[in-house]
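In this chain, residues are counted from 1 in sequence order. Order of appearance sets the numbers: ligands from 1, and atoms from 1 within every ligand.
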Amino acid sequence: MILPKSNRLTPAQLAEVTGIVAEFGCTIQPIIGALRTIYAIVGDERDDLMINRLEGLDYVERIDRIQSPFKLMDKRSDLASHRICLGGVTLGEELFVIAGPCTIDPKNPNYFYESAAAVKEAGAQMIRGGVWKPRTNPYAFQGDSRSLDILLEGSRRTGLPVDTEVMEESHIGLALEAGVTCLQVGARNALNYSLLRAIGRAVAGRPTAVLLKRSIHMGPVNEFISAAEYIAAFGNPNILLCPRGTAPGLDGYRNHPDESITPLLKEKTWAPVVVDPSHSVGKAAYVPASALAAVAYGADGLCLEAHVSPSHGIGDDPKQALTPRGLAETIRQARALWRLRRGLTAG
Ligand code: PEP
Ligand code: MN
């Protein structure tokens with residue numbers, strides 16, 4: 001990783017470093033942060049001669065040689081100072097809440113509009129809504145591209161940015177063109193490296209964020225962070241890590257709640273952790289406790305399924321979605337706990 005003395009390299013400087021690393025079979029990938037651009041050396045960066053030549057350039061502050069399978073996402077990376085701003089919130093400075101229906105019902109768009117309004121009223125800063133759905137049962141409703149218009153109309157009506165899952169490459173361009181702020185990678189696709197690469201390529205240079213769910217089959221912490229590295233390697237570091245429960249489920253729960261990996265993640269990576277308790281426990285009645293547990297473990301945010309009338313919802317909503325009142329109360333308690341915890345951490 002090349003850290004220049006200035007905020008970014010000039011085109012001539014970039015050409016010079018690119019030329020040097022090319023002699024050693026490497027390429028340069030700029031990583032554009034809010035304040036500063038840093039330059040990843042892609043390839044085997046262990047050659048001392050290459051490092052010496054780069055360190056000798058008068059516009060280079062230093063070269064970071066992090067030996068980590070995820071050198072960009074690693075907490076020791078210079079990206080650790082990168083801040084992700086979404087919906088008016090700088091992650092880490094305030095509890096960030098994404099909420100909304102599991103699945104947008106294209107036949108009844110008003111449920112989504114009313115849910116979006118309720119989500120805003122409850123104090124969430126981003127709205128979620130599933131357009132394309134990964135369903136275990138191949139005969140279940142798989143989503144509908146028309147729901148994308150409904151999602152964005154909900155965003156316009158509330159003024160809040162939106163998150164939706166992209167399941168295949170063709171969804172990425174559609175979502176970005178429509179104006180989706182946060183692309184969600186689902187638990188079933190969390191290890192789909194070609195999709196991760198395609199997302200990385202597509203979001204490079206954009207303010208778009210990616211909510212990366214943890215693989216459903218108990219992906220080890222390093223595997224989870226490495227999946228994020230696939231995206232970051234293309235130049236966009238706006239990645240949120242989302243534990244969402246793993247299989248097999250704890251008896252009685254949909255999955256095995258895994259908010260407890262938050263401190264482990266935080267030890268290894270700078271990426272904000274946004275926990276999804278809804279899919280973790282799988283039942284609305286258990287969601288508030290799981291949400292608070294996530295905050296207690298140090299989560300920076302929550303992703304909650306919520307619907308104005310859960311029994312009229314589709315997908316997971318009848319089982320998992322919080323009502324507007326449940327959502328508002330969960331957010332209120334979670335924010336109070338977040339402030340308490342922050343005080344404890346600071347003390
Ligand atoms: C969802 O968010 O509705 C969803 C399908 O999530 P996951 O990929 O975690 O199952
Ligand atoms: Mn769902």
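Remark: side-chain polar atoms of D300 are paired, donor with acceptor, to backbone N or O of V273 under 3.5 angstrom. Of the possible polar contacts, none joining the R214 side chain to the F224 backbone as a donor-acceptor pair under 3.5 Å is found. Checked by atom type and distance alone, the side chain of E229 pairs as donor or acceptor with a backbone atom of M73 at under 3.5 Å.
Ligand 1 has a nitrogen or oxygen under 3.5 angstrom from a nitrogen or oxygen of R188. Backbone and side-chain nitrogen or oxygen atoms of P134 are examined, and none is located within less than 3.5 angstrom of a nitrogen or oxygen of ligand 1. Looking at E305 next to ligand 1, an N or O pair under 3.5 Å apart turns up. Between D276 and ligand 1, no pair of N/O atoms sits closer than 3.5 Å.
The shortest side-chain heavy-atom distance between W270 and P237 falls under the 4.5 Å cut-off. Inter-residue side-chain proximity for E168 and W132 is flagged as unmet; no heavy-atom pair is nearer than 4.5 Å.
For the pair D258 and R244, the salt-bridge criterion is not met [side-chain N within less than 4.0 Å of a carboxylate O]. Ionic pairing of E165 and K213 is not present here: no N-O contact between side-chain nitrogen and carboxylate oxygen is shorter than 4.0 angstrom.
Under the 30°/60° scheme for interplanar angles, the aromatic rings of H307 and Y111 are found to be tilted.
Geometrically, R135 does not engage F141 in a cation-pi contact defined by less than 6.0 Å to the ring centre and at most 45° from the axis.
H312 and N108 share no side-chain donor-acceptor pair at under 3.5 Å.
Listed by number with element, the atoms of ligand 1 under 4.0 Å from a non-hydrogen atom of C102 are 3 (O). With ligand atoms numbered from 1 in the order given, ligand 1 contributes 8 (O) to contacts under 4.0 Å with heavy atoms of G186.
The single protein non-hydrogen atom nearest to atom 6 (O) of ligand 1 is K213 NZ, 2.9 Å, given as residue, atom name and distance. Residue, atom and distance of the protein heavy atom nearest to atom 8 (O) of ligand 1 are A187 N, 2.8 Å. In this structure, the protein non-hydrogen atom closest to atom 10 (O) of ligand 1 is R244 NH2, 2.7 Å. Looking at atom 4 (C) of ligand 1, its nearest protein heavy atom turns out to be H279 NE2, 3.3 Å.
Shown here are the protein N/O/S atoms lying under 2.8 Å from the Mn ion (ligand 2), water excluded: C102 SG, H279 NE2, E305 OE2, D316 OD2.
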Got a list of side-chain donor-acceptor pairs under 3.5 Å for residues 27-40, not counting sequence neighbours?
| unit_1 | atom_1 | unit_2 | atom_2 | d |
| --- | --- | --- | --- | --- |
| Q29 | NE2 | F234 | O | 3.0 |
| R36 | NH1 | D78 | OD2 | 3.2 |
| R36 | NH2 | P4 | O | 2.6 |
| Y39 | OH | L9 | N | 2.9 |

